[in-house]
Amino acid sequence: MSKNFDVIVVGGGPGGYVAAIRAAQLGFDVACIDEWKNDKGGPALGGTCTNVGCIPSKALLQSSEHFDHASHHFADHGIEVKGLGLDVGKMLARKDAVVKQNNDGINYLLKKNKIAFFHGRGSFVKAADGGYVMNVAGAAGEESLLGKQIIVATGSNARALPGVPFDEDRILSNDGALRVGAVPKKLGLIGSGVIGLEMGSVWRRLGADVTILEGLPVFLGAVDEQVAKEAFKAFTKQGLKIELGVKVGDIKSSKKGVSVAYTNAKGEEQALDVDRLIVSIGRVPNTIGLNAEAVGLAMDERGAIVVDDDCKTNLPGVWAIGDVVRGPMLAHKAEEEGVAEAERIAGQHGHVNFNTVPWVIYTSPEIAWVGQTEQQLKASGRAYKAGSFPFLANGRARALGDTTGFVKFLADATTDEIMGVHIVGPQASELISEAVVAMEFKASSEDIARICHAHPSLSEATKEAALAVSKRTLNF
């Protein structure tokens, strides 16, 4: 006999578990299916983000930043460190503990909201009167569920190079990159995207010689060009070796390491020999085992589930959100879609504004932005004004000892409405939220320029950049 639910959510990542919680808050009888396992075979809710993505990478970034400060910067503060050591095993154990805390927290939230959890892989069986029959295949066997409404939130998987599968020992995805047991002498990365830069930063700080090979001729092509140039300069100064415009050829892996043949931007044949290679060339939607064909669920050529602006699929009562559909593969975008879907199912008007979804790269300096870049505004022909302010002139940044980067505002030339805000520098991930709020309320740069900001604070750089739009900065 099937267990009946109003809403079944397939996937317990940021989009899935948030969708389940919001649906339960709205009075629905909700089930959540998720197959992630911890090292003991038990459930590990949170999806890629919690288990092998956002959360563990930030834990390692924090640990490696502490080590880097102790190695190179504490002396500037009059702090002497003698006999500095590194216990990678303990660092990884702390990272795992942080992950478990998040796993347990999500499990608690499902119980608190009276959501039925099923540990296993969820798949479509057939359409039925009143909904869809779903199968859950787990360690305990198989169960059959009937859901009136289905929300697919199955996330994404790392994309491998053709003919070069991940072995998570020498050739690593984001998963293996988070479990390297010792600092490699030489580390190679293919792809200079978010994951590549963050993982490269972790192991560079801990002492690895890191080389990044990027196929595009420009660095961080999706980022505002001025910000990308500043970041490239900072990363190069730190010791990251970044080669742009390369064409990767044969990759050979052995017990000794990995050898990468490639052609550089000048057309010259090159070879890179490393102990380990991280491949970070994007992610692909995860529909493995979903059995979408059983119900005729439409997917595009990339393998993503086809949805409309409201995340409706081609099937009545079936919705899809997060990495498995169009749009940016960001945890917070998935969360917003999850809330919106639950509210739409309830007959409310859930809404996600893609124009105000922030982006963050958690390197040092951090990079964060929301809205349009200067090159996008130029391409669209929209008249705009720009203003920027360097952290070098910010008192709090000087006190922190981190004055790299700047805040940049882009505003409409006529209305002064904020079109984009771009930050490279300390705590950019936190500072960007003010810009998101401002843009969501269609604020002008003058609005931010007129708001009192605490002194001394990094946020003063945001105010000063807004002032710079009308060429009236006070501290630069």
Side-chain angles (χ1 to χ4, degrees), residues 65 69 72-73 76-77 219-220 223-238 356 358-378 382-439 441-476:
E65 186 169 352
H69 284 174
H72 303 293
H73 305 296
D76 295 338
H77 296 265
F219 182 63
L220 292 176
V223 177
D224 185 87
E225 187 176 349
Q226 187 180 356
V227 169
K229 287 180 178 178
E230 179 74 9
F232 185 87
K233 182 172 67 175
F235 297 147
T236 301
K237 185 178 180 181
Q238 291 168 8
T356 55
W359 294 70
V360 181
I361 304 176
Y362 295 87
T363 46
S364 181
E366 289 188 345
I367 303 167
W369 72 97
V370 61
Q372 298 183 74
T373 64
E374 192 162 359
Q375 54 264 41
Q376 287 173 327
L377 289 172
K378 287 178 179 177
R382 186 164 188 173
Y384 67 93
K385 301 177 291 183
S388 62
F389 186 83
F391 284 108
L392 184 65
N394 177 268
R396 184 66 190 279
R398 290 173 183 153
L400 288 172
D402 188 355
T403 57
T404 301
F406 55 85
V407 180
K408 178 178 179 179
F409 268 68
L410 299 169
D412 185 274
T414 303
T415 66
D416 194 38
E417 180 182 348
I418 301 167
M419 297 289 99
V421 177
H422 307 269
I423 307 173
V424 53
Q427 298 182 30
S429 58
E430 303 296 336
L431 295 174
I432 199 63
S433 292
E434 180 179 9
V436 174
V437 172
M439 288 183 63
F441 283 90
K442 296 189 178 299
S444 66
S445 68
E446 182 70 13
D447 290 327
I448 301 301
R450 292 286 180 181
I451 294 172
C452 184
H453 290 65
H455 175 77
S457 69
L458 295 173
S459 68
E460 287 179 288
T462 304
K463 175 187 176 78
E464 291 276 5
L467 283 165
V469 172
S470 56
K471 297 180 171 55
R472 62 182 210 272
T473 55
L474 299 171
N475 288 282
F476 185 68

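Nothing fancy with the numbering, it's 1 onward along the sequence. Note: hydrogens, waters and symmetry copies are ignored here, and every other heavy atom, side chains too, is used.
Atom-to-atom distance recorded for Asp402:CG and His69:NE2 is 7.0 Å, nearest 0.5 angstrom. His453 NE2 to Glu460 CD: the interatomic distance, rounded to the nearest 0.5 Å, is 8.5 Å. Atom NE2 of residue His422 and atom CZ of residue Phe409 lie 10.5 Å apart, to the nearest 0.5 angstrom. To the nearest 0.5 Å, the span separating CZ on Arg396 from NE2 on His455 amounts to 11.0 Å. Atoms CZ and OG1, on Arg398 and Thr403 in that order, are 8.5 Å from each other to the nearest 0.5 Å. The CG atom of Leu458 sits 6.0 Å away from the CZ atom of Phe391 when rounded to the nearest 0.5 Å.
The two atoms that bring Ser388 and Phe406 nearest to each other are CB-CD1, 4.4 Å, heavy atoms only. Heavy atoms only, all atoms of each residue included: Phe389 and Ala465 are closest at CB-N, 3.7 Å. Heavy atoms only, all atoms of each residue included: Ile367 and Leu220 are closest at CD1-CD1, 3.8 Å. The two residues Ile448 and Ala438 make their nearest non-hydrogen contact at CD1-CB, 3.7 Å. Closest approach of Val424 to Glu230, counting heavy atoms only: CG1-CG, 3.8 Å. Ala393 approaches Phe476 most closely through the heavy-atom pair CB-CD1, 3.9 Å.
At distances below 3.5 Å, at least one donor-acceptor pair connects side-chain atoms of Asp416 with backbone N or O atoms of Glu446. In this structure, the side chain of Lys463 engages the main chain of Ile451 through a donor-acceptor pair within 3.5 Å. In this structure a side-chain-to-backbone donor-acceptor pair under 3.5 Å is missing from Gln427 to Glu366. One N or O on the side chain of Ser457 and one on the backbone of Ala454 form a donor-acceptor pair closer than 3.5 Å.
In Glu225, the CD atom is not crowded: 12 or fewer heavy atoms of neighbouring residues, nucleotides or ligands sit closer than 6.0 Å. Around atom CZ of Arg472, more than 12 heavy atoms belonging to other residues, nucleotides or ligands sit under 6.0 Å away. Lys385 NZ: more than 12 foreign heavy atoms inside a 6.0 Å radius.
Residues passing the salt bridge (charged side-chain N to carboxylate O under 4.0 Å, His left out) test with Lys408 are Asp224, Glu374, sequence neighbours excluded.
The shortest side-chain heavy-atom distance between Leu431 and Ser459 falls under the 4.5 Å cut-off. Contact check for Asp447 versus Phe441: no side-chain heavy atoms found under the 4.5 Å cut-off.
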_Intermediate values then yes/no, side-chain contact (heavy atoms from CB on, under 4.5 Å), Leu410 and Gln372_ = CA-CA 8 Å; Leu410 299 169; Gln372 298 183 74; 5.8 Å; no

_Test side-chain contact (heavy atoms from CB on, under 4.5 Å) applied to Thr373 and Gln226, step by step_ = CA-CA 9 Å; Thr373 64; Gln226 187 180 356; over 6 Å; no

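Under the 30°/60° scheme for interplanar angles, the aromatic rings of Trp369 and Trp359 are found to lie parallel.
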